[in-house]
Undergrad: 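Mind having a look at this structure? Questions to follow.
For the numbers below, each heavy atom of this structure counts, side chains included, while hydrogens, waters and symmetry mates do not.
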Amino acid sequence: MIPTRLTPTRRAAVMVRLCYELGSGRPATRADIVREMFGAPTVAISGISPTDVAVTLASPVFVAPAAPDHQGDDVVSRDAPVDQAPDSVVSFADAAARLGLSIGTVRRYCAPSSGKLRRVGTGVSLASVEALAA
């Protein structure tokens, strides 16, 4: 049996009726009240039946992402090739000291919408800090 979805108005009416029944000393459950007020829930039966239609999948097509027309000098490309050696990570405070900025500004520069610094875990990529400082 599928439970009946109640609108907020109907839910309030059920609660009022339930409180009235319990206040009168009659044992009642929410399901009994819902069934009495709105009838038994109806089970929707899907009219879809399996067919004998053969489905063939098209071959996958690779579409290269569009490259941006231009980038500012202070923006580190997110599509830059990944180094084989992992980049070292510095804290936000250390990055702020190296760049001469506040910690809040460094955090803003790490936001995906800014793209000026690359965040790594709980810190900042040292390579992106050096690229921005240059």
Undergrad: For S91, check side chain to side chain donor-acceptor pair (under 3.5 Å) against everything at least two apart and list the hits.
TA: none

Undergrad: In the structure I gave you, are the side-chain heavy atoms of Y20 and R26 within less than 4.5 Å of one another anywhere?
TA: yes

Undergrad: Would you please name every residue forming a side chain to side chain donor-acceptor pair (under 3.5 Å) with T122, sequence neighbours left out?
TA: none

Undergrad: Identify, with sequence neighbours excluded, every residue that meets side chain to side chain contact (heavy atoms under 4.5 Å, CB included) alongside A97.
TA: none

Undergrad: For C110, is there any backbone N or O sitting under 3.5 Å from a side-chain donor or acceptor partner on S114?
TA: no

Undergrad: Can you find a heavy atom in the side chain of Y109 that is under 4.5 Å from one in the side chain of R118?
TA: no

Undergrad: Can you name the side chain to side chain contact (heavy atoms under 4.5 Å, CB included) partners of A31, sequence neighbours left out?
TA: T29

Undergrad: Name all residues meeting the side chain to side chain contact (heavy atoms under 4.5 Å, CB included) criterion together with V14; count only those two or more places apart in sequence or in a different chain, and write none if there are none.
TA: L6, R30, I33, V34, M37, F38

Undergrad: Hydrophobic cluster mates of V89, side-chain heavy atoms under 4.5 angstrom, ILVMFWY only, any path?
TA: V120

Undergrad: Would you please name every residue forming a side chain to side chain contact (heavy atoms under 4.5 Å, CB included) with E36, sequence neighbours left out?
TA: R17

Undergrad: Kindly say whether L117 contributes a backbone atom to a donor-acceptor pair with the side chain of S128 at under 3.5 angstrom?
TA: no

Undergrad: Would you mind listing every salt bridge (charged side-chain N to carboxylate O under 4.0 Å, His left out) that reaches into residues 97-112, with sequence neighbours excluded?
TA: D94-R98

